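Being a predicted model, the structure only gives us computed values, none of them experimental. Each ligand, and each atom within it, is numbered from 1 in the order the structure gives. Only this structure's heavy atoms are used, side chains among them; waters, hydrogens and symmetry mates stay out.
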Amino acid sequence: MTTPALAYIEGGSGDEETLRDNLDAWRRLALQPRVLRDMTQVETATTLLGTAVGAPVGLAPTAMHCLVDPDGETATARAAAETGTLMVASQAANRSWQDTAAAATDVLLWAQMYVLRDRGLTRELAVRAKESGSRAIVVCVDGVAVPRRARLEGHAFVPPEGMAFPNLVSAAAAASANGRGVDLGAAVSAFDPSVTFADLTWLKECTGLPLVVKGVLHPHDAAACVDAGADAIAVSNHGGRQLDGCIATADVLGEIADAVGDRAEVYVDGGIRTGPDVVKALALGARAAFVGRPALRALADGSAAGLAAYLADLREDVRRTLAFCGCASPAEVRREHVRPRGPR
Ligand SMILES: Cc1cc2nc3c(=O)[nH]c(=O)nc-3n(C[C@H](O)[C@H](O)[C@H](O)COP(=O)(O)O)c2cc1C
Ligand SMILES: CCCCCCC(=O)C(=O)O
């Protein structure tokens, strides 16, 4: 990988305060185990929007998997299918949602999208995602301004020549240019900063698929998303890549879960690295936690097999953490299993 590509993947925005705080915030929480509960059988499986998955862990949408593996998102899909992991495939992927879905039998795929300035194209892409086999649309709503990415200053990251972005272009453009020729700036400027809650209702009507709203950090916004038709809320600050200095996801997850109640599922991402992080997220009210950079690192290190091994390892870490906490399944995790860490 080139230095700019690595900086693009690993970096955050501004001074990377939020990037660091996402990690630290999980460390500021402590699990409080319960004992003597017969942990002979501990199950990690759960459901996400009604579909069975092997663990309460998913792959967050990340752009351009061809930066780390020549097969790009199709390699990711093979690892996801092998481990029963939900994959959210980015709109800025290098392989189409259709090719990603076709890469492995039974891969559970959700398509991540932005609301574009061109609403006709937005609808066309949403319908294409559905026809490709995506079982939900994940709309990312934190793309209303262009972040300053400090690590990229001095060596601007430009996607390699000829890199394809098939989920960002109309069928007509894809046919004529094979989805090529989209540069990062042009793609980002296609995202519509005028997006509002009413667009959620519209986007859901475009496909009738369940709608997940990703990038929510305030309980009132979460409740308003649900009022507008969201089936799930993904508490996310984009891995500290958008607004630097904003709240860490672990610090707001509980409030958002309380605001949403049982009206929608709640997910979280940002700094999730270990089984204990996942179980802390469950305790705060998440139904699943998602990983971004760790999955890209695993893919870079060992392609589909490396990513599958990483996901299996994380699942085992979740299983052992559940056992230590006295929980025979994700559903048994309660708020009382987590508390602020005491002074060191
Ligand atoms: C290289 C990279 C690319 C990303 N691309 C997207 C994207 O295309 N769409 C999106 O909604 N989020 C994107 N994200 C944000 C992730 O979905 C997720 O919110 C974040 O990575 C979680 O934090 P973590 O990396 O600490 O696990 C990207 C993150 C990274 C690191
Ligand atoms: C080619 C378009 C790039 C979209 C932005 C990807 C992203 O969300 C990121 O954090 O980077």
Under 4.0 Å from a heavy atom of G292: which atoms of ligand 1 are those, numbered in the order shown and with their elements? 21 (O), 24 (P), 25 (O), 27 (O)

Can you name the atoms of ligand 1, numbered from 1 with element, that are less than 4.0 Å from a heavy atom of C140? 11 (O)

Nearest-option assignment for atom 14 (N) of ligand 1, heavy atoms, candidates G12, P61, A289, G239: P61

Check F157 against ligand 2 and report side chain, backbone, both or neither, counting heavy atoms closer than 4.0 Å. neither

Give the atoms of ligand 1, by number and element, whose distance to some non-hydrogen atom of Y8 is under 4.0 Å. 1 (C), 3 (C)

Got a sec, which residues hit salt bridge (charged side-chain N to carboxylate O under 4.0 Å, His left out) with D244, two or more places apart in sequence or on another chain? none

Taking the six-membered ring for Trp, are Y8 and F157 parallel (under 30°), tilted (30 to 60°) or perpendicular (over 60°)? parallel

Atoms of ligand 1 less than 4.0 Å from S90 heavy atoms? 7 (C), 8 (O)

Heavy-atom proximity to atom 28 (C) of ligand 1, picking from I9, T62, N237, D142, points to T62

Counting from 1 in the order shown, the ligand 1 atoms closer than 4.0 Å to a non-hydrogen atom of G270 are 22 (C), 23 (O), 26 (O)

Residue portion contacting ligand 2 (non-hydrogen atoms closer than 4.0 Å) for R149: side chain

With a 3.5 Å cut-off and sequence neighbours excluded, list the donor-acceptor pairs that the side chains of residues 52-59 form with protein atoms.
none

Measure from atom 15 (C) of ligand 1 to every heavy atom in H238, M64, M113 and give the option owning the shortest one. H238

Answer with side chain, backbone, both or neither: which part of R273 has a heavy atom less than 4.0 angstrom from an atom of ligand 1? side chain

Output the list of atoms in ligand 1 that are nearer than 4.0 Å to some heavy atom of Q112, sorted by atom number. 7 (C), 8 (O), 9 (N), 10 (C), 11 (O)

I'd like to know if V138 contacts ligand 1, where contact means a heavy-atom distance under 4.0 Å to any ligand atom. no

Is it the side chain (CB and beyond), the backbone, both or neither of H238 that lies under 4.0 Å from ligand 2, heavy atoms counted? side chain

Is there a heavy atom in E10 that sits closer than 4.0 Å to ligand 1? no

